[in-house]
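The block underneath contains the structure these notes are about, expressed in structure tokens.
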Amino acid sequence: MKAALEFCLILLTLHSPGVLSLSTHVAIVYPQDPVLRMGSNLTASCWIHPDLGVHANSLFWTLNGQQLPGSLYKVLSPTNLSLTLVGLNASRQTSGDNLVCHNHKGHILAGSCLYVGMPPEKPVNLTCWSRNTKDLMCSWAPGGRGETNISTQYRLKYKLRWYGTEKECEDYSHTQPYSCSITQDLHLFTPYEIWVEASNRLGRATSDIIILDILDVVTTDPPSGVTVSRVGQLEDQLSVRWEAPPALKDFLFKAKYQIRYRLEESQDWKVMNDVGNQTSCRLAGLRPGTVYFVQVRCNPVGIYGSRKAGIWSEWSHPTAASTPHSERLMSCDSKSSGDSNSTLRRELKQFLGWVKKHAYGCSSMSMKLYDQWRVDMQKSPKTRNQVLQGDKS
Ligand SMILES: *[C@@H]1O[C@H](CO)[C@@H](O)[C@H](O)[C@H]1NC(C)=O
Ligand SMILES: *[C@@H]1O[C@H](CO)[C@@H](O)[C@H](O)[C@H]1NC(C)=O
Ligand SMILES: *[C@@H]1O[C@H](CO)[C@@H](O)[C@H](O)[C@H]1NC(C)=O
Ligand SMILES: *[C@@H]1O[C@H](CO)[C@@H](O)[C@H](O)[C@H]1NC(C)=O
Ligand SMILES: *[C@@H]1O[C@H](CO)[C@@H](O)[C@H](O)[C@H]1NC(C)=O
Ligand SMILES: *[C@@H]1O[C@H](CO)[C@@H](O)[C@H](O)[C@H]1NC(C)=O
Ligand SMILES: *[C@@H]1O[C@H](CO)[C@@H](O)[C@H](O)[C@H]1NC(C)=O
């Protein structure tokens with residue numbers, strides 16, 4: 001885009017912008033740098049100084065370097081050639097399209113930048129979020145097609161709901177278009193009114209106003225220190241642990257977590273939704289001897305009693321681990337000297353199988369359940385033995 005802009009400026013240096021004096025120029029294109037609506041028609045003319053000794057019928061026009069057909073030209077006088085474009089397309093770049101008048105050898109005589117677009121429409125999809133309550137970032141989308149083809153300014157404005165004065169966000173993102181971050185003088189417990197004003201040389205428009213409380217739109221960093229490890233020799237399980245986001249450690253809130261995992265060779269993530277607010281979870285029903293990628297994210301719900309749904313953090317970097325091979329488990333088992341070890345392992349396996357049937361997701365998996373299971377098992381020692389026997393074969 002920058003290169004294109006410079007290109008148009010080079011052309012402009014052929015004229016002294018503003019005052020166009022025929023006497024100081026070999027040629028001039030009219031109109032200079034017009035701003036036009038998409039679909040409109042334009043008649044431009046290229047006037048050449050009589051001293052040049054060039055006839056208008058030897059000239060030709062280019063638009064963005066492409067020669068335009070002679071059928072669009074009209075010789076108005078020996079020194080004046082006009083061009084009519086019907087149904088203008090939007091500008092290819094916001095720095096304008098280059099309309100250039102050439103002599104028969106192809107030398108540039110004069111040029112003009114065409115800015116073709118549309119007046120802005122109401123910006124849409126204005127949303128805001130706050131990372132750890134330390135800022136307020138908002139993004140939106142342009143409301144209409146064509147307004148982005150000419151230079152259009154978007155201003156994010158805000159005020160505190162009851163007594164604030166109107167302010168403008170200053171920290172527009174350089175990496176993400178249509179976004180701005182309010183970083184100073186943030187108020188918690190007071191609703192903000194936020195809106196976007198769009199303007200360009202064809203018009204202006206204002207988005208709907210959104211009203212929000214920072215505490216209702218808090219998101220946080222992805223959980224750190226995610227580790228995935230085997231659960232003894234259990235071939236269908238992996239244990240996932242992570243740490244709560246440190247940035248929110250001084251806040252009263254109830255984090256919610258989500259885990260997703262996938263096979264190494266697959267792109268389909270499986271999501272565990274109801275992990276609750278704990279910082280570890282067990283994945284079960286996995287394939288033996290298989291590498292899994294695991295990610296965790298956090299939703300800091302209920303900061304200072306906010307009732308809103310909260311905003312999920314990014315996913316943590318993927319952590320990989322593999323489940324044990326079932327064959328190896330078998331051989332390991334037979335070699336294993338410790339009866340109590342293998343018994344414990346079996347019990348654990350059995351317990352987890354039981355949990356799968358009796359609990360919903362990770363959040364309910366706890367020692368309480370384990371105890372309940374022990375009680376259940378003690379009530380029916382036969383079942384337990386049978387299962388253990390069956391497991392051995
Ligand atoms: C542009 O020119 C075409 C053909 O000459 C005409 O039909 C159309 O109405 C014009 N459009 C505008 C916006 O003037
Ligand atoms: C060339 O012709 C156009 C269209 O008639 C006219 O507007 C313009 O003033 C003319 N330019 C000169 C320098 O005479
Ligand atoms: C607009 O674009 C279409 C397709 O690229 C092209 O055929 C047409 O000539 C263009 N119109 C103008 C006025 O440049
Ligand atoms: C207008 O701008 C959009 C993106 O802003 C671009 O995709 C489109 O190609 C542009 N139109 C033309 C005719 O170059
Ligand atoms: C605005 O959001 C809606 C719903 O998420 C989406 O369908 C639409 O494409 C978005 N509009 C723009 C211009 O991004
Ligand atoms: C998790 O939630 C329970 C209630 O659902 C609550 O008692 C506990 O304090 C919470 N723990 C954390 C670390 O937020
Ligand atoms: C259980 O296994 C561990 C290592 O896997 C071993 O160090 C320990 O001695 C075993 N316990 C018994 C009672 O065999």
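Counting convention: from 1, in listed order, for ligands and their atoms alike. Computed from a prediction, not measured in an experiment: that's the story for all the values here.
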- For A141, counting its heavy atoms only, list the atoms of ligand 5 lying under 4.0 Å from any of them.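 Answer for ligand 5: 12 (C), 13 (C), 14 (O).
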- Going from NZ on K159 to CD on E193, what distance comes out if it is rounded to the nearest 0.5 angstrom?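 Atom-to-atom, K159:NZ and E193:CD are 4.5 Å apart.
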- Nearest 0.5 Å, what's the CG-CZ distance between L283 and R260?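 Reported to 0.5 Å precision, the distance equals 13.5 Å.
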[atom]: protein heavy atom closer than 4.0 Å?
atom                    : result
atom 14 (O) of ligand 1 : yes
atom 2 (O) of ligand 5  : yes
atom 7 (O) of ligand 1  : no

Please state which protein non-hydrogen atom is closest to [atom] and give its distance, to 0.1 Å?
atom                    : value
atom 4 (C) of ligand 1  : V86 CG1, 4.2 Å
atom 12 (C) of ligand 1 : N41 ND2, 3.3 Å
atom 11 (N) of ligand 5 : N125 ND2, 3.0 Å

- Task: Step by step, work out the ring-ring contact (aromatic ring centres under 6.0 Å, His included) result for W315 and H317.
- Result: CA-CA 6 Å; W315 290 103; H317 286 300; over 10 Å; no
Give the atom numbers and elements of ligand 2 that come within less than 4.0 Å of a heavy atom of [X].
X   : value
N80 : 1 (C), 2 (O), 3 (C), 8 (C), 10 (C), 11 (N), 12 (C), 14 (O)
W47 : 12 (C), 13 (C), 14 (O)
L76 : 1 (C), 2 (O), 3 (C), 4 (C), 5 (O)

- Message: Would you say CZ of R262 has more than 12 non-hydrogen atoms from neighbouring residues, nucleotides or ligands within 6.0 angstrom?
- Response: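 More than 12 heavy atoms, drawn from other residues, nucleotides or ligands, come within 6.0 Å of this atom.
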- Message: A quick test of your reading: do over 12 heavy atoms of other residues, nucleotides or ligands sit less than 6.0 Å from CD of E265?
- Response: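 Yes, enclosed.
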- What is the ring orientation for Y158 with Y192, classed by angle as parallel under 30°, tilted 30 to 60°, or perpendicular over 60°?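 Ring orientation of Y158 relative to Y192: tilted.
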- Query: Do Y73 and N57 touch side chain to side chain, with heavy atoms closer than 4.5 Å?
  - Reply: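 The answer is no; the side chains never approach within 4.5 Å.
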